[in-house]
Amino acid sequence: MTERGRGAIRSVRRVGAAGPVLGLARVRGESMRPTLRPGDRLLVRYRPRVRPGRLVVARFADGTVAVKRATERRTTRSGAVGWWLLSDQPEAGVDSRHRGPVPDADVVAVVLARIWPRPRLL
């Protein structure tokens with residue numbers, strides 16, 4: 001289980017002169033195995049256009065920031081439309097099954113690629 005304020009992302013750095021467009025993130029935890037492993041470095045795009053099946057960086061209501069897989073659109077408790085986010089390894093992590101749908105505004109970025117240690121588009 002993840003601690004409050006500490007999720008799958010250890011650090012995020014933003015790059016881009018006209019505002020944040022691209023960033024780097026480091027994976028923590030086991031919940032996204034086998035796709036991602038702890039320590040993997042990711043290239044992410046801010047202001048994302050999310051599609052089902054994509055990996056995203058999201059902020060849960062308690063402040064935890066994590067990498068999860070966007071699976072489908074669902075309505076949040078407030079009535080807003082959001083994303084249902086799941087772990088690739090459900091028994092190892094916290095996701096929408098525990099915390100509910102994540103509002104669009106809290107989906108921070110879309111993962112474009114793993115850049116280290118095994119570079120690959122995601």
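Owing to the predicted nature of the structure, the values given are computational and were not obtained by experimental measurement.
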Compile the donor-acceptor pairs under 3.5 Å between side chains in residues 109-117 and protein atoms, sequence neighbours left out, one pair per line.
| residue | atom | partner | partner atom | Å |
| --- | --- | --- | --- | --- |
| Arg114 | NE | Arg118 | O | 2.8 |
| Arg114 | NH1 | Thr35 | O | 2.8 |
| Arg114 | NH2 | Arg118 | O | 3.4 |

Legend entry - Within one Ile-Leu-Val-Met-Phe-Trp-Tyr cluster: Val102 and Leu55, side-chain cutoff 4.5 Å: no

Inset, instruction - Kindly work out whether a path of hydrophobic side-chain contacts (I/L/V/M/F/W/Y, heavy atoms less than 4.5 Å apart) joins Met32 to Val57. - result: yes

Inset, instruction - Sequence neighbours left out, what passes salt bridge (Lys or Arg N to Asp or Glu O under 4.0 Å) with Arg97? Give chain and number order. - result: Asp95

Inset, instruction - With the side chain counted from C-beta on, respond yes when Leu42 and Leu36 share a heavy-atom pair under 4.5 Å apart, and no when they do not. - result: yes

Inset, instruction - Would you indicate whether the side-chain heavy atoms of Arg99 and Asp62 approach each other to under 4.5 Å? - result: yes

Inset, instruction - Could you tell me the separation between the CG atom of Leu86 and the OG1 atom of Thr71, rounded to the nearest 0.5 Å? - result: 4.0 Å

Inset, instruction - Please list, chain by chain and in numerical order, all residues satisfying salt bridge (Lys or Arg N to Asp or Glu O under 4.0 Å) with Arg73, sequence neighbours excluded. - result: Asp104

Inset, instruction - Check side chain to side chain donor-acceptor pair (under 3.5 Å) between Thr75 and all other residues, then give those that pass, not counting sequence neighbours. - result: none

Inset, instruction - Identify whether Val67 and Val56 are in the same connected component of the hydrophobic contact network (ILVMFWY, side-chain heavy atoms under 4.5 Å). - result: no

Inset, instruction - Using the salt bridge (Lys or Arg N to Asp or Glu O under 4.0 Å) rule, collect all pairs that involve residues 82-94, keeping only residues at least two apart or in two chains. - result: Arg69-Asp88

Legend entry - Between CG on residue Asp40 and CZ on residue Arg120, distance to nearest 0.5 Å: 10.0 Å

Inset, instruction - State which residues pass side chain to side chain donor-acceptor pair (under 3.5 Å) with Arg33; sequence neighbours excluded, sorted by chain then number. - result: Glu30

Legend entry - Minimal non-hydrogen separation, Phe60 against Ser96, with atom names: CE2-N, 4.2 Å

Inset, instruction - Could you tell me which non-hydrogen atom of Val50 sits nearest to which non-hydrogen atom of Ala70, and how far apart they are? - result: CG1-CB, 3.7 Å

Inset, instruction - Could you pull out the closest heavy-atom pair between Ala25 and Val44, with the gap in Å? - result: CB-CG1, 4.4 Å

Inset, instruction - Compare every heavy atom of Ser31 with every heavy atom of Gly93, then report the nearest pair and how far apart it is. - result: CA-CB, 3.6 Å

Legend entry - Residue list, side-chain contact (heavy atoms from CB on, under 4.5 Å) with Arg74, at least two apart or on another chain: Glu72, Trp84, Pro101

Legend entry - Partners meeting side-chain contact (heavy atoms from CB on, under 4.5 Å) with Pro52 (sequence neighbours left out): Trp83

Legend entry - Transitive ILVMFWY cluster of Val81, excluding itself - 4.5 Å side-chain cut-off: none

Inset, instruction - Check for a donor-acceptor pair, side chain of Lys68 on one end and backbone N or O of Val94 on the other, with a separation under 3.5 Å. - result: yes

